[in-house]
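Positions are given from 1 along the sequence.
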Amino acid sequence: MQSKLQHMSKTSYKGIGIQFPKDTLQTMIFDVLTKHLQDETFETGGFVLQCSVAGHQAKNLSAFQQSLRINLPVELHFSKPEGLFTVEGKGGIMLELLCTLIPKKGDDVFVDLQVENFTWFSSPVVTLGSMDIPVEWMADVVLKRIREHHLEKWVAAFNQSFDIEGMLTSFQEKKTRNIPVSHKPDIYFNFEIKQIVFVGFQDENHVIRIFFYIHYEALLSDKLNPFAPQKIVFSDKTITEVLDTTPFVLQINLSYEGLERWIIQYLSQNEVGGKSFDVEKAVIRNTSAFETKLFLRSPIQGSVTVSTEPFYDSGLQRLDLTNIKVDVSANQFFYQLTSPIIQRIIRNRIEEISPVNLQPLIEKAMVHFIKTLKQKGFDTSIKHKSIHHFGFETQACRILIHIDSFEFFSQSQGIKVYSL
């Protein structure tokens, strides 16, 4: 058993895609660029040049590999005061910027920005006077000014505005921590990304997709999980090192304290063999066998101890309860006479439900889970679910569910997260 659990806990990376509306991402990027290039005025070679982002000109964003290509239109006004021979004119340059994400092992993602090229979307036109200098000189002057006075500010602003680690940490804290998916019994969902391998971008029509391989933990449990922000590590592993076609894993941890509360709640609301059970206390332990001890007020004053050796058949998706033993201990003589009847009722009930078909229970739980996420603003699809492991450990019942594919779509932000 130990080697099997060690194998299941081995670090594994799974592929996910995140889809953004292109216009949303484009607006964010151009807002950063425009903020640092508003009516820039400088002098060179006797000319006064004024630059600004051309608001009326179409902007463009495209993605490929690990980079975003940005076409930034820059309006240019120039003048050369020389008394009666003043020169004035205007033009427009389309800057080609390359924004690249460079993950560093153990560090944040570094966003680099370079000016790659330019074209004139509006050739320089002299509106007053005349001049005979080549237009290439003016373009070179503008590019030099931007590289020396704006590029560094843009890089800093991009790294601050697109702090991927900070955004993911904030998103996890606000959106994926202790989401209540059930009440009585109380069940909470937690999702945490631990490591990321950045793959690249894809440009498709009106959306931009970004691909990662992630090492993560997805957990359903009956206990609140305190949020302790951990630094998300960007790994420098290659795709071939992390490529994995095995299913995604959702882990369920049910503490024995929680199971004890559920048993008391179930018996207080349901009859077993036509009898109601008033349970004062329930105690679960797992040693050589899985044992549940109930301290009853009625139908007897005493205790009932049920022990069994559970066996999970992953092929049939069912839990067999083998080697069932029921022991009833009554405190008073009258109740001792009825003990064999109580014992037989409980044993018959356990044998009726064994083996337990778990697949319908998982399907029902997933439907409830998806409904809860929809109330939180996420349209969700989860396909092909199966229970890979069902085991009783020292302090809790641990279940591992395999999921072939999933998709989460945020209705408010238009962002989709999906499995690859």
### Query
side chain to side chain donor-acceptor pair (under 3.5 Å) between T100 and D112: does it pass, once the steps are laid out?
CA-CA 5 Å; T100 305; D112 189 27; 5.8 Å; no

### Task
Could you walk me through whether L68 and I29 pass side chain to side chain contact (heavy atoms under 4.5 Å, CB included), step by step?
CA-CA 10 Å; L68 296 172; I29 289 174; 3.9 Å; yes

### Task
Any chance you could lay out the salt bridge (Lys or Arg N to Asp or Glu O under 4.0 Å) test for K22 and D203, step after step, and finish with the verdict?
CA-CA 9 Å; K22 184 185 285 189; D203 196 328; 2.8 Å; yes

### Task
Please assess F64 against F201 for the test ring pair (Phe, Tyr, Trp, His ring centres under 6.0 Å), listing each intermediate value before the final yes or no.
CA-CA 5 Å; F64 70 102; F201 295 100; 9.1 Å; no

### Query
side chain to side chain contact (heavy atoms under 4.5 Å, CB included) between R147 and E152: does it pass, once the steps are laid out?
CA-CA 8 Å; R147 286 193 175 103; E152 186 176 336; over 6 Å; no

### Message
Set out, in order, the CA-CA distance, both residues' side-chain angles and the distance that settles side chain to side chain contact (heavy atoms under 4.5 Å, CB included) for W154 and L97, then state yes or no.
### Response
CA-CA 11 Å; W154 281 344; L97 307 176; 4.1 Å; yes

### Task
Let me see the working for Y216 and E192 under side chain to side chain donor-acceptor pair (under 3.5 Å), right down to the final yes or no.
CA-CA 6 Å; Y216 71 97; E192 181 180 359; over 6 Å; no

### Task
Would you please test K374 and D379 for side chain to side chain contact (heavy atoms under 4.5 Å, CB included) and show each step?
CA-CA 5 Å; K374 187 174 181 63; D379 290 328; 2.8 Å; yes

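Here the CD atom belonging to E309 is positioned 11.0 Å from the CG atom belonging to L321, to the nearest 0.5 angstrom. Distance CG/N60 to CD/E96: 10.0 Å, rounded to 0.5 Å. Taking CG of L37 as the start and CG of L33 as the end, the distance is 8.5 Å to the nearest 0.5 Å. Rounded to the nearest 0.5 angstrom, L143 CG and E148 CD are separated by 11.0 Å. The structure places CD of E43 at 8.5 Å from OG of S79, a figure rounded to the nearest 0.5 Å. Here the straight-line distance linking atom CZ of F191 with atom CG of L220 works out to 12.5 Å at 0.5 Å rounding.
Only one option out of I70, N71, D23 pairs with L61 in a side-chain contact (heavy atoms from CB on, under 4.5 Å); it is I70.
For the pair Y213/L243, a side-chain contact is recorded, criterion being any heavy-atom separation below 4.5 Å from C-beta on. For the pair H368 and I370, the minimum side-chain heavy-atom distance is 4.5 Å or more. Contact check for K223 versus S255: side-chain heavy atoms found under the 4.5 Å cut-off. Side-chain contact check for L76 versus V142: some heavy-atom pair is nearer than 4.5 Å. For the pair H149/F42, no side-chain contact is recorded, criterion being any heavy-atom separation below 4.5 Å from C-beta on. Taking 4.5 Å as the limit, some side-chain heavy atom of F277 sits within range of a side-chain heavy atom of I346. Side-chain contact between S221 and I252 is absent, with no heavy-atom pair separated by less than 4.5 Å. Side-chain contact check for F295 versus V279: every heavy-atom pair is 4.5 Å or farther apart.
Nearest heavy atoms, P73 versus M94: N-SD, 3.6 Å. Between L254 and I187, the shortest heavy-atom distance links the atoms CD2-CD1, 4.0 Å. When all heavy atoms are compared, the tightest approach of S419 to S405 is OG-CA, 3.2 Å. For the pair F211 and G17, the tightest heavy-atom approach, listed with the atom from each and the gap, is CD2-CA, 3.9 Å.
For Q50, the CD atom is densely surrounded, since the number of other residues' heavy atoms within 6.0 Å is greater than 12. Within a 6.0 Å radius of NZ in K59, other residues, nucleotides and ligands contribute more than 12 heavy atoms. Within 6.0 Å of NE2 on H56 lie more than 12 heavy atoms contributed by other residues, nucleotides or ligands.
Between R261 and E257, no side-chain nitrogen of the basic residue sits less than 4.0 Å from a carboxylate oxygen of the acidic one, so the salt-bridge criterion is not met. Taking 4.0 Å as the cut-off between side-chain N and carboxylate O, D327 and K325 do not count as a salt-bridged pair. Using a 4.0 Å cut-off between a side-chain N of Lys or Arg and a carboxylate O of Asp or Glu, K90 and E75 do not qualify as a salt bridge.
The backbone N or O of Q265 lies less than 3.5 Å from a partner atom in the side chain of S268, making a donor-acceptor pair. Within the 3.5 Å criterion, the main-chain N or O of K385 finds a donor-acceptor partner in the side chain of Q359. Looking only at distances, no side-chain donor or acceptor of E291 sits under 3.5 Å from a matching main-chain atom of I284. Side chain of N159 to backbone of V111: a donor-acceptor contact under 3.5 angstrom is found. When atom types are taken as modelled, the side chain of N190 and the backbone of N178 share a donor-acceptor pair closer than 3.5 angstrom. Listed for the T308 side chain is a donor-acceptor partner under 3.5 Å among the backbone atoms of T322. In this structure, the side chain of S354 does not engage the main chain of I350 through any donor-acceptor pair within 3.5 Å. Between the side chain of Y188 and the backbone N or O of S182 there is no donor-acceptor pair closer than 3.5 Å. A side-chain donor-acceptor contact under 3.5 Å links D244 to the backbone of T246. Under a 3.5 Å cut-off, the side chain of Q317 and the backbone N or O of I387 do form a donor-acceptor pair.
For the side chain to side chain donor-acceptor pair (under 3.5 Å) test, no residue two or more places apart in sequence or in another chain qualifies with Q395.
Aromatic ring centroids of W137 and F47 lie under 6.0 Å apart. Taking the six-membered ring wherever Trp is involved, the centroid distance between the rings of F392 and F390 falls below 6.0 Å.
Pairs engaging residues 396-420 under the ring-ring contact (aromatic ring centres under 6.0 Å, His included) rule: F248-F406, H388-H402, F406-F408 [sequence neighbours left out].
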